[in-house]
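Side-chain atoms are counted along with the backbone in the values below, which use heavy atoms only and exclude waters and symmetry mates. Note that this is a predicted model, so its numbers are computed, not measured.
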Amino acid sequence: MWTLGPVAFAAPWVLAALILLPALWFLLRVTPPAPRRMTFPALRLLLGLQAREDVTARTPWWLILLRLLIVVLVIVGLARPLLNPVAGADGGGPLLLVVDDGWASAADWSSRRQAALDLVSRADREGRPVQLLTTAPPPDGDPMAAGKLGAAAELRPVLQSLTPNPWPVDHEQAREVVQGLSFEGSASVVWLSDGLETQASAALAGTLQRLGSLTVLTGGSSAVLLDRPEREGDRLLLTARRAAGDDAPERTVAARVLDAQGRGVARAELTFASGETIASARADVPADLLNAIGRVDLEGVASAGAVVLLDDTWRRRPVGLASGSPMGADLPLLGDIYYLERALDRVAETRQGSVETLLDRPLAMLAIADSGPIEGAQARRLSEWVEAGGVLVRFAGIRLEQNVVTDPLLPVRLRGGGRQFGGTLTWSDPVTLAPFPDDSPFAGLRVPDDVSVSAQVLAEPSPSLPDKTWARLTDGTPLVTAEPLRQGWVVLFHTTANAEWSSLPLSGLFPAMMERLLSLSPGVAGAEAGDDAGRPLPPLSLLDAFGRLSEPPGSARAVTPAGLAALDLGPAHPPGYYGTPQNRRAVNLVDHVPPLQALSGLPRGVERATVADIGREVELRPWLLLAALILALVDWVVSYALRGLSPRPPRRIPAPKGGGSAAALMLAAGLSALLAFGPGPVRAQEDAPPADPASERALEAVLDTRLAWVRTGDSTVDDMTEAGMRGLTRVLAARSSAELAEPMAVDPETDRLLFFPMIYWPVTEGGMRLSVSARVKVNDYLRHGGMILFDTRETPPQDVQATLAQFDIPSLVRLPEGHVVTRSFYLLSETPGRYADVTLWVEPPGGGNDGVSSVIIGNGDWAAAWARSPQGAYLAPVVPGGERQREVAYRFGVNLVMYALTGNYKADQVHLPAIMERLTQ
């Protein structure tokens, strides 16, 4: 490799071809002569005929420089230049590439893989063989093994297809594989580490160092692990962890809370302070959606460690409801557990029965209303259930009031005796609730003003009573007391579960309090005692290393519910969902990986760097060859232009200005077409001025038959008229053989009218005042066979008279019965437009041009009835006949155009009955 400043050449011997540039200079100076271009007439060719000898022309110097630049770019590109080259490894031994491909590498996997490819490319330039070793257990379940030692080019496809795995790496097993490797001479070892320390990472580094020089490359950012969310009432506490040292920079990641369908429910930003490894935030989740959460992940972090899946135990926890009364829930509005069932039905799966029956199934919380003393075997079983994480909620009542012995499953001692001794306190005026203390699970809930308590059981005063009180009345007496029992809680409401002693069960506060108590449970207590404890859970939908759910691979195996807690993540048990769609259990990385520790404790002599240090080397060969190709295309275009072989755009002959007949315009159009599409070398009037726009419009009007309409200057009327004429033209093309071009808007002041068979003229308020020349033009059009339909619409009579008074309007009559316009195509008995009540005026029979009325006047607003949008929707309603009336309006328009195009030939059909009678004789 030859280094020249920030650029190095991997194949510098190719640069020797630059000495051939002077020879190329002389070869490129010659170019064929350009053809001589002659102008018409052809006799001029005879004047230039001379006997001469052709000589070669000189290539312009700038074109020679362009071609030399192309050659230089190709030569330099083949020399494989490198920008910011990285020094090669010491020695000439092979390259051993050790890659951590566990879950922690997925977040920046693209940069890690590119660094590995750059290392392989460098080894290829240096002629080193390469061997690959990945440290995560293989997905197929086979034992870990190193790849084959071979050429670097053979390893590139393997690296390009390499993907991380959603389980941790196994550095101990990787160390055992490295111990079995041997090379001739000293190897160059590069370890692409995920930046996390394991129990065997230091031992693996020491074993690798024995093979040769060791370089440890880590990613640009540390791995992030998302913890399980914790419920805090209607909010979720979201926590993320990272492994970093004191120099870790500040970093902010966004956590998303998603429901089971992947829709966003809440979002919160977690900020790692500089040097900190834990970041927390709280997300406000609507109460109705709290139990619909199915997933929490970190936005923009593509890693299985940044995903927490929530299963059915999170969304709806089973709650048991029991009552000491034989009619506990049978009496609506009066039963002991009637209100409990409705308060918890929205957030939990409620089950009713005896205490013994309920404890036979998994429960998260057990609520007992108005029970007597719990003693003996029942008390022992309940105590074991609570200690395993259950939440026992008890409510006062007549039976508990009469309990004078100590109950082991009560958080406080109760006063004995009847009401007169203070066993039950009763007031003439009910007492309301005080605000909840800050250390209570009910903190933050608003106490309604209408909630009152008329009776309760009293607790014996004790020094620990304030610490056990979660809710009080305004006089300070406890309303809710609680005491922890190992992993569970025992909670007592000092009033009844129904509305007999208080109005609390009738309020919206009661369901919120019960939901807060349910959130105290870590899950399902005693689940291992359920009926499904030993049933295997097959893999259902598993996570890949990038945090995406997919179909389980063939190596995945089923797990038992009892073995979920001690699961060893790997090819047999990746993270994800196990079980059935009706009973899913989630396996998350955060529950099965040790606390994150940054990689440290490496032996002396180990060089540390980041993947960014490898990626700063840029190979310039592709860019130089691409630039050479682009310049070669430019040279090709320029060479054709210099040799006179480039196509030249045709020029059109402008139409004649001023007056003239339609035949003259047609002749001009034919000559223009002949000259435009004739032989390439012959060009006429190359320096002629551009065509006149008015002549261009006249040429468009004469080349195709089309209808016209008068532009009034009112944008609303003009837009509707244009849409109507376009709609009528489309109907004509669909129903008849008249294929007309798009209608054209005309202005009598500037446009010529003689090219159009019919002109539609909408009359507007105020009328249109024309100049003398425009009036003469309109009258001339009417005298020489033109037809104008004046649509008066709803214009006031005085404005209609002012418009028509400018022209030579012949005498008109109401449309007589059997007029030709009513049977020129369709047989019509009426001529409606947008409105049904239409009066149509035409010239009397025998008048006009050869019996054809040159002026037709009506008030149907036909253009509005014909108008349609580009999408085909009608733009104006027709009244009162609806779509049937619109169809008749279209038929009248067809008849009108046919009348203008064909004249009165249909009038001869009046003799048809006599002709038919003669044929039958």
Side-chain angles (χ1 to χ4, degrees), residues 707-725 727-728 731 743 748 758-770 778 782 786-822 824 826 828-844 847-848 852-868 874-897 899-900:
L707 304 178
W709 55 278
V710 175
R711 191 185 302 275
T712 64
D714 187 335
S715 59
T716 303
V717 176
D718 290 343
D719 293 344
M720 187 65 74
T721 303
E722 181 179 10
M725 298 303 290
L728 178 59
V731 170
M758 189 190 80
I759 299 176
Y760 182 89
W761 193 315
V763 182
T764 58
E765 295 185 8
M768 179 182 292
R769 300 295 185 266
L770 302 179
V778 174
L782 294 175
M787 176 186 295
I788 299 179
L789 171 62
F790 290 97
D791 192 345
T792 61
R793 302 161 50 254
E794 297 178 332
T795 308
Q798 60 271 18
D799 295 330
V800 175
Q801 295 176 1
T803 300
L804 299 180
Q806 303 177 88
F807 315 121
D808 297 336
I809 303 296
S811 59
L812 304 176
V813 298
R814 288 180 180 268
L815 182 69
E817 184 177 358
H819 193 272
V820 179
V821 76
T822 62
S824 60
Y826 291 102
L828 302 177
S829 60
E830 54 183 352
T831 59
R834 183 179 180 184
Y835 309 105
D837 187 12
V838 175
T839 301
L840 200 66
W841 299 83
V842 299
E843 294 187 43
V852 178
S853 179
S854 60
V855 175
I856 300 178
I857 302 176
N859 60 342
D861 197 2
W862 289 281
W866 300 333
R868 301 183 71 172
Y874 296 113
L875 299 181
V878 292
V879 291
E883 297 309 314
R884 174 59 185 170
Q885 180 179 329
R886 192 188 303 276
E887 172 60 25
V888 178
Y890 272 126
R891 294 184 179 185
F892 170 68
V894 173
N895 279 19
L896 191 64
V897 176
Y899 179 58

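Between I856 and I788, every side-chain heavy-atom pair lies at or beyond the 4.5 Å cut-off. For the pair F892 and L840, the minimum side-chain heavy-atom distance is below 4.5 Å. Contact annotation: the side chain of L875 never approaches that of R868 to less than 4.5 Å [non-hydrogen atoms, C-beta and beyond]. Side chains of V731 and W866 form no contact here, defined as non-hydrogen atoms less than 4.5 Å apart. A heavy-atom distance below 4.5 Å is not found between the side chains of L782 and D808.
Applying the side-chain hydrogen bond (donor to acceptor under 3.5 Å, both in side chains) test to residues at least two apart or on different chains, the pairs with a partner in residues 829-838 are E794-Y835.
In this structure T822 satisfies the side-chain hydrogen bond (donor to acceptor under 3.5 Å, both in side chains) test with no other residue, sequence neighbours excluded. The side-chain contact (heavy atoms from CB on, under 4.5 Å) test applied to Q798 returns P796, not counting sequence neighbours. The side-chain contact (heavy atoms from CB on, under 4.5 Å) check on Q885 picks up P832, A836, V878, P880, with sequence neighbours excluded. Applying the side-chain contact (heavy atoms from CB on, under 4.5 Å) criterion to R891, with sequence neighbours excluded, gives R735, Y826, L828, R884, E887. Remark: E817 pairs with no residue by the side-chain hydrogen bond (donor to acceptor under 3.5 Å, both in side chains) rule, at least two apart or across chains. Evaluation of the side-chain hydrogen bond (donor to acceptor under 3.5 Å, both in side chains) rule for R886 yields E883 as partners, not counting sequence neighbours. Y760 is linked by a ring-ring contact (aromatic ring centres under 6.0 Å, His included) to nothing, counting only residues two or more places apart in sequence or in another chain. Looking at residues two or more places apart in sequence or on another chain, you find a side-chain contact (heavy atoms from CB on, under 4.5 Å) between T712 and D714, V717, D718, P762, T764, M768. Legend: residues meeting ring-ring contact (aromatic ring centres under 6.0 Å, His included) with W761, ordered by chain and number and at least two apart, are F790, F807.
Without hydrogens or angle criteria, D799 side chain to G766 main chain gives a donor-acceptor distance under 3.5 Å. The main-chain N or O of E722 is never found under 3.5 Å from a side-chain atom of W709 such that the two would form a donor-acceptor pair. Of the possible donor and acceptor atoms, none in the side chain of D861 sits under 3.5 Å from a partner among the backbone N and O of R793. Looking only at distances, no side-chain donor or acceptor of T792 sits under 3.5 Å from a matching main-chain atom of V763.
A pairwise comparison of heavy atoms in P810 and V855 identifies CD-CG2, 4.2 Å as the closest pair. In terms of heavy-atom proximity, R769 sits nearest to A802 at NH2-CB, 3.4 Å. Across every non-hydrogen atom of N895 and S824, the tightest pair is O-OG, 2.7 Å.
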